[in-house]
K.L.:
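Starting off with a structure, shown below.
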2 protein chains.
Amino acid sequence: MTRPRSRRGGGRPTIADVARKAGVGAITVSRALREPGRVSEDLRRQIQAAVDELGYVPDPNARALASARAEVFGVLVPSLTNNVFAEVVRGIYDSLSDSPFRIQIGNTHYSGLEEERLLQVFGSQRPAALIVAGIDQTPSARRLLENAGCPVVQVMETGPDPVDMMVGFSHFDGGRTATEHLLQAGYRRIGFIGARMDPRSQRRLAGYRAAMEAAGLFDPRLVTTTPVPSSVSLGRELFRDALAKMPTLDGVFCNNDDIALGVLFECHRASIDVPKQIGIVGFNDLDMMQVSFPSITSVRTHRYEIGTRSVAMALAAIAGNPPKQRILDLGFELVRRESTAR
Amino acid sequence: MTRPRSRRGGGRPTIADVARKAGVGAITVSRALREPGRVSEDLRRQIQAAVDELGYVPDPNARALASARAEVFGVLVPSLTNNVFAEVVRGIYDSLSDSPFRIQIGNTHYSGLEEERLLQVFGSQRPAALIVAGIDQTPSARRLLENAGCPVVQVMETGPDPVDMMVGFSHFDGGRTATEHLLQAGYRRIGFIGARMDPRSQRRLAGYRAAMEAAGLFDPRLVTTTPVPSSVSLGRELFRDALAKMPTLDGVFCNNDDIALGVLFECHRASIDVPKQIGIVGFNDLDMMQVSFPSITSVRTHRYEIGTRSVAMALAAIAGNPPKQRILDLGFELVRRESTAR
DNA sequence: CAGACAAATGGTAGCGCTACCATGATTGGG
DNA sequence: CCCAATCATGGTAGCGCTACCATTTGTCTG
């Protein structure tokens, strides 16, 4: 005789308990839960009753081990506090909340090495799908993604060579559009102010530069950047640096909205008239851009939608219908406001 | 003879492969990886070599199943985009990045029902620890936490009756302190403006009310709240409502910094002098509070630290040394700035 | 130097679930 | 009315790992 029932597990009901109580085989319980269509109405009801009575909850670990597939979406973002990624993640969560999939977020801290490490960790679980921010994976990270054995969606940007699928937009075009808007509004000595300067910021800068060069107005001294993480207060400081370096500045395209807000505050403080003396354009169009005084022109990006669409694509691929369009460009919109209306 | 080696798993190296290659038993490999001290120097080296050569990565699902314990921290927060929780989560991630623990975040959307559901899901994995925001769990959620069989840390607030451990501060005291500061600065018709009004906001409101009543100045018409989620633009609207309702308002204590910023912008727009005509106090002390013009007085909370401390406590409990102080009050600090300096 | 004990290693038996392959019952076409 | 093709169900054998209990060897004590 075996030990009474003091399983190592700790006595939670198992599928075998449910099967016994419902008078069916364990496998039938498993099927009733995962593919109800394949079990007769009668048994399904019996099984459900047993599940309810026992309070049975399937063990996801056992499930993952037996099926060689965990019901987990791995998500890799470079920052948890940056509102931009938080919105993407929120979109992912909302899209997955009614599914059996759990979500595991990794924070790469903008580090390729950390990304590799996390990919290794995530991959070891055999996730159902991977969603990663950015398209600049290290060669080794890329290899990990290619061999992940699950759908992979790169988000935030679009580029020519997806590992699998992509959802995002062109940061280069965003930067160029923002800058062209300032040019059209009549600004000439337009600076670029950027913090963090991750690859996406670099491409926005490149877009800025392209627009300025096309207008014959580019000057390297107009560019003020730092690798330091972005913040409103940093925006203020960078703007002061920029002004000190280039007092004739009459416009700025900011890396993101935090920086733009910092610039606006410094303008208030220094009694610089916006938009008369300085035009300001931000990037992402956070809620506060429409409320500030003056309101700030910004490039609206569809962050939440990037999250929801990436999940939709991954889910379709899991279901066996990978979208034929593997690259989804959600674009952006320039939202003109008071900060550039002169 | 069994099938060549086409295991269902997909051919990744397993612990048995490593053991074979290193010429030891599987159990010894397992030990070498988890408790290196219990394996001799020699074998440890051999095993490490085999691991490296094969590129072996342990399967966390198998591990969790065999040991009845997943190396997962479950984290439940009401919002992913609210900077406050994002900071807590960041603290949790940073504290856990060098540990073997994975993190799983659940978004409760401020819903008790959703919290129960997620607790059920998380519990089914037998997590190593649970960190949940707030102290107002439903009775059934509380029962789930009590029976989780792992350390539990309630974060963001302190209260009298922890499930297990607690890290946070008193929102009531925070609200009272903010309001008393406005009173001391000479403001009299001080309004409360709040969005979302989750339990923590309610307690800040209660603190406001206590201070106002103590000064004999409380008037229900001074309170403007909405269940709508907080945002800068909402702050502006609520302030306009408050002013319409009570034109003699001379100060506002805002639910949070977003609201405060919205109030400030509306003051700019309506040419209301801050701090002369209106004093403003925010809550949380986000970076932008110090940069705005005028800078905004706020109650600084230690969000990142709440994250790191909660992990430290959970880790200690896992290691078998639960802290004797089960409630950790990290306090807050009133940061006086221009918005209340008259 | 016997006996006790610790340290290092290994074998066996699951953890709770599902893939895979039966099995028996039912259908339906010729 | 037979045989194939389906459907509903179940048994068995793992998935990859670790808990538990040996076993072996070396070391210490009296």
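Reminder, nothing fancy here: chain letters follow the sequence lines and each chain counts from 1. Source: prediction; values computed, not measured.
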K.L.:
Strictly under 4.0 angstrom, non-hydrogen atoms only: write out the protein contact profile of nucleotides 22-28 of chain D, one letter per nucleotide from the 5' end, B, S or -.
P.N.:
-------
K.L.:
On a plain distance test, is the side chain of A:Arg126 in donor-acceptor contact with the base of D:dG16 below 3.5 Å?
P.N.:
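Result: no qualifying N/O pair found.
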K.L.:
Let's test your reading of the model: under 3.5 Å, does the base of C:dG16 pair with the side chain of A:Arg12 as donor and acceptor?
P.N.:
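In this structure, the two groups form no donor-acceptor pair.
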K.L.:
Quickly work out the A:Gln125 CD to D:dG16 P distance and round it to whole Å.
P.N.:
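Rounded to whole Å, this separation is 15 Å.
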K.L.:
Rounded to whole Å, how long is the line connecting atom CG of B:Leu33 with atom P of D:dG16?
P.N.:
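The distance from CG of B:Leu33 to P of D:dG16 comes to 16 Å, rounded to the nearest Å.
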K.L.:
Rounded to the nearest angstrom, tell me the gap between atom CG in B:Asp59 and atom C1' in D:dT18.
P.N.:
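Checked: the CG to C1' distance equals 13 Å.
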K.L.:
Are B:Arg90 and B:Glu87 ion-paired here, with the side-chain N under 4.0 Å from a carboxylate O?
P.N.:
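The answer is yes: the pair qualifies as a salt bridge.
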K.L.:
Give a yes/no answer on whether the side chain of B:Thr28 brings an N or O atom under 4.0 Å of OP1 or OP2 in C:dG10.
P.N.:
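Answer yes for this pair, as a side-chain N or O of B:Thr28 is under 4.0 Å from OP1 or OP2.
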K.L.:
Among the nucleotides D:dC15, C:dC17, D:dT18, which one has an atom lying closest to any side-chain atom of B:Ile27?
P.N.:
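Of the candidates, D:dT18 comes closest.
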K.L.:
Step by step, work out the side-chain contact (heavy atoms from CB on, under 4.5 Å) result for B:Val77 and B:Val88.
P.N.:
CA-CA 9 Å; B:Val77 292; B:Val88 174; 5.7 Å; no
K.L.:
Using the 3.5 Å cut-off, write out each protein N or O paired with an N or O of nucleotides 23-26 of chain C and the distance between them.
P.N.:
none

K.L.:
Would you kindly compare A:Leu43 and B:Pro58 by the position of their nearest DNA chain D nucleotide and give the one closer to the 5′ end?
P.N.:
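The residue closer to the strand's 5' end, by nearest nucleotide, is A:Leu43.
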K.L.:
Quick check: on DNA chain C, is the nucleotide nearest B:Ala26 upstream (toward 5') of the one nearest B:Ala62, or the reverse? Name the residue that is more 5'.
P.N.:
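Closer to the 5' end of DNA chain C: B:Ala26.
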K.L.:
Under 4.0 Å between a side-chain N/O of A:Arg34 and OP1 or OP2 of C:dA19, yes or no?
P.N.:
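Checking A:Arg34 against C:dA19: at least one side-chain N or O falls below 4.0 Å of OP1 or OP2.
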K.L.:
In plain terms, say whether B:Glu114 and B:Arg117 are close enough for a salt bridge, that is, a side-chain N and a carboxylate O under 4.0 Å apart.
P.N.:
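Result for this pair is yes, salt bridge flagged.
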K.L.:
Between A:Arg31 and A:Glu35, does any side-chain N to carboxylate O distance fall below 4.0 Å?
P.N.:
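A:Glu35 and A:Arg31: not salt-bridged.
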K.L.:
Please check: side-chain N/O of B:Gln46 versus main-chain N/O of B:Ala22, any donor-acceptor pairing under 3.5 Å?
P.N.:
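Here the side-chain-to-backbone pair exists.
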K.L.:
For B:Gly159 versus B:Ile327, what's the shortest heavy-atom pair and its separation?
P.N.:
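B:Gly159 and B:Ile327 have their closest heavy atoms at O-CD1, 3.4 Å.
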K.L.:
Among D:dC17, D:dG10, C:dG10, which is the nearest nucleotide to the side chain of B:Arg31?
P.N.:
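Nearest listed nucleotide: C:dG10.
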K.L.:
Got a donor-acceptor contact below 3.5 angstrom from the A:Glu157 side chain to the A:Gln154 backbone?
P.N.:
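No: the side chain of A:Glu157 does not pair with the backbone of A:Gln154.
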K.L.:
Would you say C:dT9 has OP1 or OP2 under 4.0 Å from some side-chain N or O of B:Ser40?
P.N.:
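It does, given that an N or O in the side chain of B:Ser40 lies less than 4.0 Å from OP1 or OP2 of C:dT9.
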K.L.:
Would you kindly give the CG-to-C1' distance between B:Asp42 and C:dA7, to the nearest whole Å?
P.N.:
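Rounding to the nearest Å, CG of B:Asp42 and C1' of C:dA7 are 15 Å apart.
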K.L.:
Let me know the distance between CG of A:Leu65 and P of D:dG14, rounded to the nearest Å.
P.N.:
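Distance, rounded to whole Å: 14 Å.
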K.L.:
Would you find a donor on one side and an acceptor on the other, under 3.5 Å apart, between the side chain of B:Arg102 and the backbone of B:Val72?
P.N.:
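Absent.
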K.L.:
Given atom CZ of B:Arg63 and atom C1' of D:dC17, what is their separation to the nearest angstrom?
P.N.:
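So the two atoms are 8 Å apart, to the nearest Å.
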K.L.:
Which whole-number value in Å describes the distance from B:Ile15 CD1 to C:dG14 P?
P.N.:
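Atom CD1 in B:Ile15 sits about 19 Å away from atom P in C:dG14.
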K.L.:
What integer distance in Å separates B:Glu35:CD from C:dA7:P?
P.N.:
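After rounding, the gap between these two atoms is 13 Å.
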K.L.:
Is the distance from OP1 or OP2 of C:dA8 to the nearest side-chain N or O of B:Arg38 less than 4.0 Å?
P.N.:
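Looking at the OP1 and OP2 atoms of C:dA8, neither is under 4.0 Å from any side-chain N or O of B:Arg38.
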K.L.:
Do any N or O atoms from the side chain of A:Asp17 and from the backbone of A:Thr14 form a donor-acceptor pair under 3.5 angstrom?
P.N.:
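Side chain of A:Asp17 to backbone of A:Thr14: a pair is present.
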K.L.:
So, does B:Arg69 use its side chain to make a donor-acceptor pair with the main chain of B:Pro127 at under 3.5 Å?
P.N.:
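It does hold such a pair.
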